[in-house]
Q: 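Take a look at the following structure, please.
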Amino acid sequence: MKIYIVYDSEVGHTEKLARSIAKGAKNVEGTEVFIHHVNNANVRDLAQMDAIIWGCPGHFGTISSGLKAWIDKLGSLWAEGNLVDKIGAVFCTTATVHGGIEATLLNLITPMLHQGMMVVGLPASIPGNAFYGSYYGIGVTSPDEDTDDELSHSLYEKGILLGESLGTRVANMTKIFLTGRENLSRQGS
């Protein structure tokens, strides 16, 4: 089972979240994780993946220009239907509490739906998600590095830990989906 994580990161917060997601996915047996900064990611690699997770810093409630430019290269994959029925998930970071986390996550989901992907989020049953998470994916407010505000740093670290939960959930859902598809193929033969 192959999971591809692509991220845009400017000062390292989003990369830290991407690595947490990768760690969670690797916890599921049989999972191979590929993680790339958007500058080193190849859209053609997505056709061979079973799940795709992408994320970026939120820029005024929308996708960063780096990740958006990369997503805009998916046209040929869309035309060939190469991403149909792949599992997808999203994540983002913002610099302020009301920095547009949910809007950014929804904007990140939209291209996945256009590709025919099945989007996985995090339910409230995941410990802590109902308090400082999001149902659309993982959205984390990153503290100003110069602040001594313990609450900001605590919420950030809890959000980073939720990244592991997202990675594990995506890997488990992908495994369930692939097993079910394999069973259907056997029944149809």
Q: Report the distance from atom CG of L122 to atom OH of Y135, rounding to the nearest 0.5 Å.
A: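 Here the rounded value is 10.0 Å.
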
Q: Would you find more than 12 non-hydrogen atoms of other residues, nucleotides or ligands less than 6.0 Å from H114 atom NE2?
A: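 At most 12 heavy atoms, drawn from other residues, nucleotides or ligands, come within 6.0 Å of this atom.
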
Q: If I compare all heavy atoms of A41 with all of H36, which pair ends up nearest, and what's the gap?
A: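 So the minimum-distance heavy-atom pair works out to CB-CB, 3.9 Å.
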
Q: What are the two closest non-hydrogen atoms of G121 and P123, and how far apart are they?
A: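 Closest approach of G121 to P123: O-CD, 4.0 Å.
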
Q: Going from CE on M1 to CD on E32, what distance comes out if it is rounded to the nearest 0.5 angstrom?
A: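 Output value for this atom pair is 10.5 Å.
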
Q: Grouping I, L, V, M, F, W and Y whenever their side-chain heavy atoms are under 4.5 Å apart, do F34 and I71 come out in a common cluster?
A: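 Same cluster: F34 reaches I71 through Ile, Leu, Val, Met, Phe, Trp or Tyr contacts under 4.5 Å.
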
Q: Report yes if the side chains of R44 and L77 come closer than 4.5 Å at any heavy-atom pair, otherwise no.
A: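 Result yes, sub-4.5 Å side-chain heavy-atom pair found.
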
Q: Decide yes or no for W54 and P111: does some side-chain heavy atom of the first lie under 4.5 Å from some side-chain heavy atom of the second?
A: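 With C-beta onward as the side chain, the pair touches.
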
Q: Any idea which heavy atoms bring K2 and Q48 closest together, and the distance?
A: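 Looking at all heavy atoms of both residues, the closest pair is CD-O, 3.7 Å.
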
Q: Please tell me if the side chains of L162 and L166 come closer than 4.5 Å, counting only heavy atoms from C-beta onward.
A: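 Contact flag for L162/L166 side chains = no.
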
Q: Donor-acceptor pair, T110 side chain versus L106 backbone, under 3.5 Å?
A: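 Indeed, once roles are kept as given, a pair shorter than 3.5 Å links the two residues.
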
Q: Please evaluate residues D72 and L74 with respect to the criterion side-chain contact (heavy atoms from CB on, under 4.5 Å), reporting the C-alpha separation (whole Å), side-chain torsions for both, the decisive distance (0.1 Å), and the verdict.
A: CA-CA 5 Å; D72 287 346; L74 298 176; over 6 Å; no

Q: Let me confirm one number: the CD-CG distance from Q115 to L83, rounded to the nearest 0.5 Å.
A: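 Output value for this atom pair is 4.5 Å.
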
Q: Is it true that a side-chain atom of R169 and a backbone atom of V120 form a donor plus acceptor pair closer than 3.5 Å?
A: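 The answer is no, because no donor-acceptor pair under 3.5 Å joins these two groups.
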
Q: Quick one: does T168's side chain have a donor or acceptor within less than 3.5 Å of a partner on S165's backbone?
A: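 No; judged by distance alone, with no hydrogens or angles, the pair does not exist.
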
Q: Restricting to non-hydrogen atoms, name the atom on T104 and the atom on C56 that form the minimum distance, rounded to 0.1 Å.
A: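 Looks like CG2-SG, 4.4 Å.
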
Q: To the closest 0.5 Å, what do you measure between OG (S134) and CD (E102)?
A: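 S134 atom OG to E102 atom CD measures 5.0 Å (nearest 0.5 Å).
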
Q: Are T14 and D8 packed together at the side-chain level, in the sense that at least one heavy-atom pair is separated by less than 4.5 angstrom?
A: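 No, side chains not in contact.
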
Q: Can you get from V119 to W78 by hopping between Ile, Leu, Val, Met, Phe, Trp and Tyr side chains that sit under 4.5 Å apart?
A: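 No; tracing contacts between hydrophobic side chains, which count when under 4.5 Å, never links both residues.
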
Q: Which is it for V90 and M112 under the side-chain contact (heavy atoms from CB on, under 4.5 Å) test, yes or no, and what are the steps along the way?
A: CA-CA 9 Å; V90 299; M112 290 185 166; 3.9 Å; yes

Q: Nearest heavy-atom pair of L105 and G139: which atoms, and what distance?
A: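 It is CD1-N, 4.1 Å.
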
Q: I'd like to check M49 versus I3 (side-chain heavy atoms, cut-off strictly below 4.5 Å). Are they in contact?
A: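 Contact flag for M49/I3 side chains = no.
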
Q: Is L67 reachable from Y4 through a run of I, L, V, M, F, W or Y residues, each pair having side-chain heavy atoms under 4.5 Å apart?
A: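 Yes, because Y4 and L67 connect within a single hydrophobic cluster, where side-chain heavy atoms sit under 4.5 Å apart.
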
Q: Under a single-linkage definition using a 4.5 Å side-chain heavy-atom cutoff for Ile, Leu, Val, Met, Phe, Trp and Tyr, are V43 and L108 assigned to the same hydrophobic cluster?
A: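 Yes; tracing contacts between hydrophobic side chains, which count when under 4.5 Å, links both residues.
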
Q: Side chains of K175 and E29: closer than 4.5 Å at any heavy-atom pair?
A: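 Yes - at least one pair of side-chain heavy atoms lies under 4.5 Å apart.
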
Q: Side-chain contact, heavy-atom cut-off 4.5 Å: T93 with T141?
A: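 When only atoms from C-beta onward are counted, T141 and T93 do not touch, as no gap falls below 4.5 Å.
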
Q: Taking all heavy atoms of A51 and all of V170, pick out the closest pair and write down the distance.
A: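 It is CB-CG1, 3.8 Å.
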
Q: Check step by step if side-chain contact (heavy atoms from CB on, under 4.5 Å) holds for L46 and N82.
A: CA-CA 8 Å; L46 299 181; N82 287 331; over 6 Å; no

Q: Once rounded to the nearest 0.5 Å, what's the spacing between atom CZ of R19 and atom NZ of K26?
A: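 Interatomic distance, R19 CZ to K26 NZ, rounded to 0.5 Å: 8.0 Å.
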
Q: Are I87 and D50 close enough, and set up right, to give a side-chain contact (heavy atoms from CB on, under 4.5 Å), and what steps lead you there?
A: CA-CA 7 Å; I87 303 294; D50 300 304; over 6 Å; no

Q: Using atom types as modelled and distance alone, determine if a side-chain donor or acceptor of S20 lies under 3.5 Å from a backbone N or O of I160.
A: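 It does hold such a pair.
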
Q: May I ask whether V6 and M118 are part of the same hydrophobic cluster, defined by side-chain heavy atoms of I, L, V, M, F, W, Y residues being less than 4.5 angstrom apart, directly or through others?
A: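 No, V6 does not connect to M118 through the hydrophobic network.
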
Q: Is any side-chain heavy atom of K86 closer than 4.5 Å to a side-chain heavy atom of V84?
A: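 The answer is no; the side chains never approach within 4.5 Å.
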
Q: Using the side-chain contact (heavy atoms from CB on, under 4.5 Å) definition, which of the options I35, V38, I21 pairs with Y7?
A: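 For Y7, the side-chain contact (heavy atoms from CB on, under 4.5 Å) check succeeds only for I35.
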
